J.: 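Dumping the structure here so I can ask a few things about it.
Note that the structure is predicted; figures quoted are calculated from it, not measured. Because only heavy atoms are used, hydrogens play no part in the values below, and waters and symmetry mates are left out as well, while side chains stay in.
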Amino acid sequence: MMSIHSLRLGALSLALAAATLAQADEAAIRKNLAERLPNLPKIDEVSKSPIPGVYEVRFGGTEIIYTDENGQYVIQGAIIETKTRTDLTQARIDKLTAIDFASLPLKDAVLIKQGSGARKLVVFADPNCGYCKRIERDLITLKDISIYTFLLPILGPESTAKSRDIWCAKDAGKAWRAWMVDGVAPAKAGADCDVAALDRNLKLGQKYRVQGTPAVVFEDGSRSPGAMPAAQIEARMAAAAKKS
């Protein structure tokens with residue numbers, strides 16, 4: 001009869017063999033894809049996908065393709081789990097792009113409190129962004145929420161000037177809403193106003209790969225690019241609250 005010690009050694013050997021094989025597959029994938037697809041950006045990570053024999057190849061931070069163990073074939077698209085109809089590729093991207101909400105420097109954001117302000121939402125926005133103005137009109141309708149807007153002037157010098165004027169206003173939240181909703185420009189900021197927060201916001205946007213505005217971040221760390229109607233924001237907030 002085989003001893004427990006022998007069984008443990010056998011299991012360990014199998015695990016080591018599997019790990020060695022996985023490393024060999026990853027090396028082959030990296031080598032072959034680099035040679036056969038020279039325009040492919042540097043690969044960040046190779047990992048097993050939920051489908052046996054298919055590997056996830058991640059590059060550019062959040063770009064994903066799939067390949068076989070030799071890097072001979074490439075698959076572009078989403079993996080859908082049919083039983084639950086879950087888009088596993090999107091779920092993976094959501095995980096990769098998630099933001100630790102608690103770590104965000106909210107002191108650098110314009111705060112607008114509606115009702116009790118119990119719920120929280122973060123928005124990255126440029127004052128000259130049309131879609132940002134559209135979502136702002138929907139945000140007004142939300143109840144019992146604290147909205148933290150990180151001014152992200154990425155559309156040019158005028159956006160930088162407008163962000164400065166809004167940030168330096170006596171009531172930045174009021175100035176932001178007046179401009180975004182009613183088109184009332186803020187008063188010009190004084191030369192002595194500290195606008196270091198705007199530079200920090202740009203670095204924050206780069207850190208989290210915020211490449212366009214608006215970008216909405218929910219309390220569970222999930223995010224969504226672009227404007228969305230109030231009903232959709234409410235649904236996402238409810239889902240985030242359940243996860244929390």
J.: Go through it in stages, so that I can follow the logic: the residues are Met237 and Ile145, the test is side chain to side chain contact (heavy atoms under 4.5 Å, CB included), and I'd like the CA-CA distance, side-chain angles, deciding distance and then a yes or no.
T.: CA-CA 10 Å; Met237 292 185 68; Ile145 186 171; 3.6 Å; yes

J.: Are Arg85 and Glu81 close enough for a salt bridge, meaning some N to O gap below 4.0 Å?
T.: no

J.: Checking Tyr208 against Thr97: is there a side-chain donor and acceptor pair closer than 3.5 Å?
T.: no

J.: Is the number of heavy atoms from other residues, nucleotides or ligands within 6.0 Å of CD (Glu35) greater than 12?
T.: yes

J.: Could you tell me which non-hydrogen atom of Val46 sits nearest to which non-hydrogen atom of Glu26, and how far apart they are?
T.: CB-CG, 3.6 Å

J.: Does the side chain of Ile112 come within less than 4.5 Å of Ser146's, by heavy atoms?
T.: no

J.: If I take atom CD from residue Gln211 and atom CD1 from residue Ile154, how far apart are they, to the nearest 0.5 angstrom?
T.: 9.5 Å

J.: Any chance you could measure Gln72, atom CD, to Leu33, atom CG, to the nearest 0.5 Å?
T.: 11.0 Å

J.: Would you name the heavy atoms of Ala227 and Pro214 that are closest together and state the gap between them?
T.: N-CG, 3.7 Å

J.: For Ile147 and Arg177, run side chain to side chain contact (heavy atoms under 4.5 Å, CB included): C-alpha distance rounded to whole Å, both residues' side-chain angles, the deciding distance at 0.1 Å, then the answer.
T.: CA-CA 12 Å; Ile147 303 168; Arg177 277 276 167 84; 3.7 Å; yes

J.: For Phe59, does the CZ atom sit with more than 12 other heavy atoms under 6.0 Å from it, leaving out its own atoms?
T.: yes

J.: Could you state the interatomic distance from CG (Asp25) to CG (Asn70), rounded to the nearest 0.5 Å?
T.: 7.0 Å

J.: If only atom types and distance count, is the side chain of Gln114 paired as donor or acceptor with the main-chain N or O of Leu139 below 3.5 Å?
T.: yes

J.: Please confirm whether the backbone N or O of Val216 pairs with a side-chain atom of Ser224, one donor and one acceptor, at under 3.5 Å?
T.: no

J.: Any ion pair linking Glu63 and Arg58 (charged N to carboxylate O, less than 4.0 Å)?
T.: no

J.: Side chains of Tyr55 and Asp68: do they bring a donor and an acceptor to under 3.5 Å?
T.: no

J.: Without swapping roles, check the side chain of Asp87 against the backbone of Ile80 for a donor-acceptor pair under 3.5 Å.
T.: no

J.: Any salt bridge between Arg92 and Glu45, counting N to O under 4.0 Å?
T.: yes

J.: Please answer whether the main-chain N or O of Gly173 pairs with a side-chain N or O of Asp171 as donor and acceptor at a distance below 3.5 Å.
T.: yes

J.: Write down the atom of Gly190, the atom of Arg164, and the distance for their closest heavy-atom approach.
T.: O-NH2, 3.1 Å

J.: Report yes or no: does Thr86 contribute a side-chain atom to a donor-acceptor pair with the main-chain N or O of Leu88 at less than 3.5 Å?
T.: no

J.: Between NZ of Lys162 and CH2 of Trp176, what distance do you get to the nearest 0.5 Å?
T.: 11.0 Å

J.: Going by heavy atoms in the side chains, are Pro105 and Leu204 under 4.5 Å from each other?
T.: yes

J.: Are Leu121 and Leu152 connected in the hydrophobic side-chain network, where two residues link if heavy atoms are under 4.5 Å apart?
T.: no

J.: Is there a path of hydrophobic side-chain contacts, each under 4.5 Å between heavy atoms of I/L/V/M/F/W/Y residues, joining Val210 to Val123?
T.: no

J.: Just by distance, do the side chain of Trp179 and the backbone of Pro127 share a donor-acceptor pair under 3.5 Å?
T.: yes

J.: With sequence neighbours left out, what residues match Phe218 under ring-ring contact (aromatic ring centres under 6.0 Å, His included)?
T.: none

J.: Which atoms form the tightest heavy-atom contact between Thr149 and Ala125, and what is the distance?
T.: CG2-CB, 4.0 Å

J.: Report the distance from atom OG of Ser49 to atom CD1 of Ile65, rounding to the nearest 0.5 Å.
T.: 12.5 Å

J.: Would you say Asp94 and Ser222 are linked by a side-chain donor-acceptor pair, where the criterion is simply a distance under 3.5 Å?
T.: no

J.: Counting distance only, does the side-chain N/O of Asp182 pair as donor-acceptor with the main-chain N or O of Val184 below 3.5 Å?
T.: no

J.: Side-chain contact, heavy-atom cut-off 4.5 Å: Phe150 with Leu106?
T.: yes

J.: Quick check against the 3.5 Å criterion: does Thr213 have a side-chain atom that pairs as donor or acceptor with the backbone of Ala215?
T.: no

J.: Closest approach of Pro186 and Ile166, non-hydrogen atoms and distance?
T.: CG-CG1, 3.7 Å

J.: For Pro50 versus Pro52, what's the shortest heavy-atom pair and its separation?
T.: O-CD, 3.6 Å

J.: So do the side chains of Ile64 and Val57 get within less than 4.5 Å of each other, counting heavy atoms only?
T.: no

J.: Which is it for Ile233 and Ile135 under the side chain to side chain contact (heavy atoms under 4.5 Å, CB included) test, yes or no, and what are the steps along the way?
T.: CA-CA 10 Å; Ile233 296 173; Ile135 197 173; 4.1 Å; yes

J.: I'd like to know if Trp167 and Leu104 are part of one continuous hydrophobic network [Ile/Leu/Val/Met/Phe/Trp/Tyr, side-chain heavy atoms within less than 4.5 Å].
T.: no

J.: Roughly how far apart are Ile79 CD1 and Thr89 OG1, rounded to 0.5 Å?
T.: 5.0 Å

J.: Side-chain heavy atoms under 4.5 angstrom apart, residues restricted to Ile, Leu, Val, Met, Phe, Trp, Tyr: same cluster for Ile51 and Tyr66?
T.: yes

J.: With no hydrogens and no angle check, is any side-chain donor or acceptor of Asn201 less than 3.5 Å from a backbone partner on Leu151?
T.: yes

J.: Run the numbers on Phe101 and Val217 for side chain to side chain contact (heavy atoms under 4.5 Å, CB included), then give the verdict.
T.: CA-CA 8 Å; Phe101 197 96; Val217 183; 4.0 Å; yes

J.: Using the salt bridge (charged side-chain N to carboxylate O under 4.0 Å, His left out) rule, collect all pairs that involve residues 188-209, keeping only residues at least two apart or in two chains.
T.: Asp108-Arg200, Asp165-Lys188

J.: Looking at Gly61, is its backbone amide N or carbonyl O close enough to the side chain of Asp44 to form a donor-acceptor pair, meaning the two atoms are under 3.5 Å apart?
T.: yes

J.: Answer with yes or no whether the hydrophobic clustering places Leu111 together with Phe124; edges join I, L, V, M, F, W, Y residues whose side-chain heavy atoms lie under 4.5 Å apart.
T.: yes

J.: Which residue pairs pass the salt bridge (charged side-chain N to carboxylate O under 4.0 Å, His left out) test with at least one member in residues 118-134, sequence neighbours excluded?
T.: Arg119-Glu234

